[in-house]
Visitor: 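Dropping the structure in here first, questions after.
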Amino acid sequence: DENGYFYLSYYDATINDIYSVEVVESNKYDTIYQYDGSKANGLMFDNYVFTGANIFEAEKNSMLDAVSFYTTESDVPYIIYVSKNDADGKPMSGKIVHTQSGNMSYAGYHIVELSEEILLNKGETFTVSVCLNKPGTMLIGDMFINETGRSFVCVNNDLEWIDMSTLSSGFDIAVKAFTIDNYYINIDDKIFPDEIFRNYISECFDTNEDLILSEEEISQVTSIDVSN
């Protein structure tokens with residue numbers, strides 16, 4: 001009808017799988033970091049919990065705003081980790097700057113907005129790791145990829161990471177990172193815990209007094225004097 005509904009009987013022999021789709025504006029994110037995109041496949045072993053991780057390099061100053069991954073069944077708990085400057089081949093070995101957990105009540109492809117945006121500087125490496133915390137559930141990725149040092153998996157949270165390029169067919173984890181170019185730093189007690197230094201930053205560099213350092217304001221800083 002005019003409201004987008006139609007009638008279909010439960011007895012209709014054509015019913016197979018039922019899907020729903022939620023869409024976002026195509027310009028919501030400026031950059032998508034990803035390695036998958038060809039032939040999808042999955043990893044699954046009974047009674048095993050998989051964590052997949054992808055290491056990316058920031059192409060520009062930006063804010064990490066969201067992460068995406070797949071689930072192949074309903075009711076899958078997940079944990080997202082964002083870390084920076086990890087050692088080669090060892091996701092989550094650097095500084096973990098964000099952790100976020102939840103539960104996916106349905107199967108499918110999911111974009112999860114982070115509860116706080118993560119500042120990324122051009123050229124620095126960052127890792128997005130997703131633990132599907134349900135034994136036996138499938139971790140989705142792409143086969144036939146053979147580049148080393150970028151996509152990893154660990155089993156049962158033991159942090160013994162396997163480089164997916166070492167598999168016979170190659171494999172890249174289908175975990176993506178979404179960034180926006182609105183680059184800024186909040187002037188608050190989380191970023192600047194020392195009150196005296198925080199007030200100094202605010203008074204000297206926050207030209208529009210909004211308690212946020214914009215990219216333009218940051219670019220104007222040539223020196224910081226804390227001698228007193």
Visitor: Could you give the distance from CH2 (Trp161) to CZ (Phe152), rounded to the nearest 0.5 Å?
Guide: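 Taking CH2 in Trp161 and CZ in Phe152, the distance rounds to 9.0 Å.
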
Visitor: For residues 72-82, which residue pairs qualify under side chain to side chain donor-acceptor pair (under 3.5 Å), counting only residues two or more places apart or in two chains?
Guide: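 Output for this query lists Glu73-Lys134, Glu73-Thr137, Asp75-Asn103.
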
Visitor: Could you tell me if the side chain of Asp36 sits less than 4.5 Å from the side chain of Lys176, heavy atoms only?
Guide: yes

Visitor: Show your working on side-chain contact (heavy atoms from CB on, under 4.5 Å) between Met104 and Leu132 and close with a plain yes or no.
Guide: CA-CA 10 Å; Met104 285 304 172; Leu132 300 182; over 6 Å; no

Visitor: Are there over 12 heavy-atom neighbours, none belonging to Ile224, within less than 6.0 Å of that residue's CD1?
Guide: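 Counting other residues, nucleotides and ligands, CD1 of Ile224 exceeds 12 neighbours.
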
Visitor: Is it true that a side-chain atom of Tyr35 and a backbone atom of Ile55 form a donor plus acceptor pair closer than 3.5 Å?
Guide: yes

Visitor: Hey, can you pull the donor-acceptor pairs under 3.5 Å for the side chains in residues 56-70, sequence neighbours left out?
Guide:
unit_1: Asn61; atom_1: OD1; unit_2: Lys122; atom_2: N; d: 2.9
unit_1: Ser62; atom_1: OG; unit_2: Lys60; atom_2: O; d: 3.3
unit_1: Ser68; atom_1: OG; unit_2: Tyr109; atom_2: OH; d: 2.9

Visitor: Considering only heavy atoms from C-beta outward, does the side chain of Glu116 approach that of Ile118 to under 4.5 Å?
Guide: yes

Visitor: Would you sort out whether Arg150 and Asp172 count as a salt bridge (Lys or Arg N to Asp or Glu O under 4.0 Å), showing the intermediate values?
Guide: CA-CA 8 Å; Arg150 70 183 193 181; Asp172 270 332; 2.6 Å; yes

Visitor: Of the non-hydrogen atoms in Thr71 and His110, which two are nearest, and what is the gap between them?
Guide: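 Shortest heavy-atom contact: OG1-NE2, 2.7 Å.
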
Visitor: If Ile, Leu, Val, Met, Phe, Trp and Tyr residues are connected whenever their side-chain heavy atoms lie under 4.5 Å apart, and connections chain through other members, are Val128 and Leu120 in the same group?
Guide: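 Yes.
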
Visitor: For residues 87-96, tabulate all N or O donor-acceptor pairs below 3.5 Å that involve a side-chain atom, not counting sequence neighbours.
Guide:
unit_1: Ser93; atom_1: OG; unit_2: Ala87; atom_2: N; d: 2.9
unit_1: Ser93; atom_1: OG; unit_2: Lys90; atom_2: O; d: 2.6

Visitor: Would you say the side-chain atoms of Gln100 pair up with the backbone N or O of Glu113, donor to acceptor, closer than 3.5 Å?
Guide: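 Pair found, side chain donor or acceptor close to backbone of Glu113.
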
Visitor: Under 3.5 Å, is there a donor-acceptor pair between the side chain of Asp225 and the main chain of Ser227?
Guide: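 Judged by distance alone, yes, a pair lies under 3.5 Å.
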
Visitor: Using modelled atom types only, decide if a donor and an acceptor are shared between the side chain of Asp206 and the backbone of Leu211 within a distance under 3.5 Å.
Guide: yes

Visitor: Answer yes or no: is there a donor N or O on one side and an acceptor on the other, between the side chain of Asp194 and the main chain of Phe197, under 3.5 Å?
Guide: yes

Visitor: Is the closest side-chain heavy-atom distance between His98 and Ser115 below 4.5 Å?
Guide: yes

Visitor: May I ask you to decide if Glu216's main-chain N or O and Ser219's side chain share a donor-acceptor pair within less than 3.5 Å?
Guide: yes

Visitor: Same cluster for Phe192 and Leu119 if Ile/Leu/Val/Met/Phe/Trp/Tyr side chains link at under 4.5 Å?
Guide: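 Yes, one cluster joins them.
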
Visitor: Tell me whether Val49 shares a hydrophobic cluster with Ile79, the cluster being built from Ile, Leu, Val, Met, Phe, Trp, Tyr side chains joined at under 4.5 Å.
Guide: no

Visitor: When rounded to the nearest 0.5 angstrom, what distance separates CD in Glu215 from CD in Gln220?
Guide: 11.5 Å

Visitor: Please tell me if the side chains of Ile187 and Phe205 come closer than 4.5 Å, counting only heavy atoms from C-beta onward.
Guide: no

Visitor: Does Tyr200 share a hydrophobic cluster with Ile191, counting links as ILVMFWY side-chain heavy atoms below 4.5 Å and allowing steps through other members?
Guide: yes

Visitor: As an exercise, state the distance from OH of Tyr184 to CD1 of Ile212, rounded to the nearest 0.5 Å.
Guide: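 If I round to the nearest 0.5 Å, the distance is 6.5 Å.
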
Visitor: Can you tell me how far apart CZ (Arg198) and CG (Asn186) are? Round to the nearest 0.5 Å.
Guide: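 Answer for the CZ-CG pair, Arg198 versus Asn186, is 12.0 Å.
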
Visitor: Will you find, in the side chains of Asn208 and Asp210, an N or O donor that is under 3.5 Å from an N or O acceptor?
Guide: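 Yes, side-chain donor-acceptor contact under 3.5 Å.
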
Visitor: Does Ser151 reach the main-chain N or O of Ile173 with its side chain, forming a donor-acceptor pair under 3.5 Å?
Guide: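 Flag set: sc Ser151 to bb Ile173 pair under 3.5 Å.
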
Visitor: Keeping the roles fixed (side chain from Thr179, backbone from Asp30), state whether a donor-acceptor pair exists under 3.5 Å.
Guide: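 No, Thr179 side chain to Asp30 backbone: no donor-acceptor pair under 3.5 Å.
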
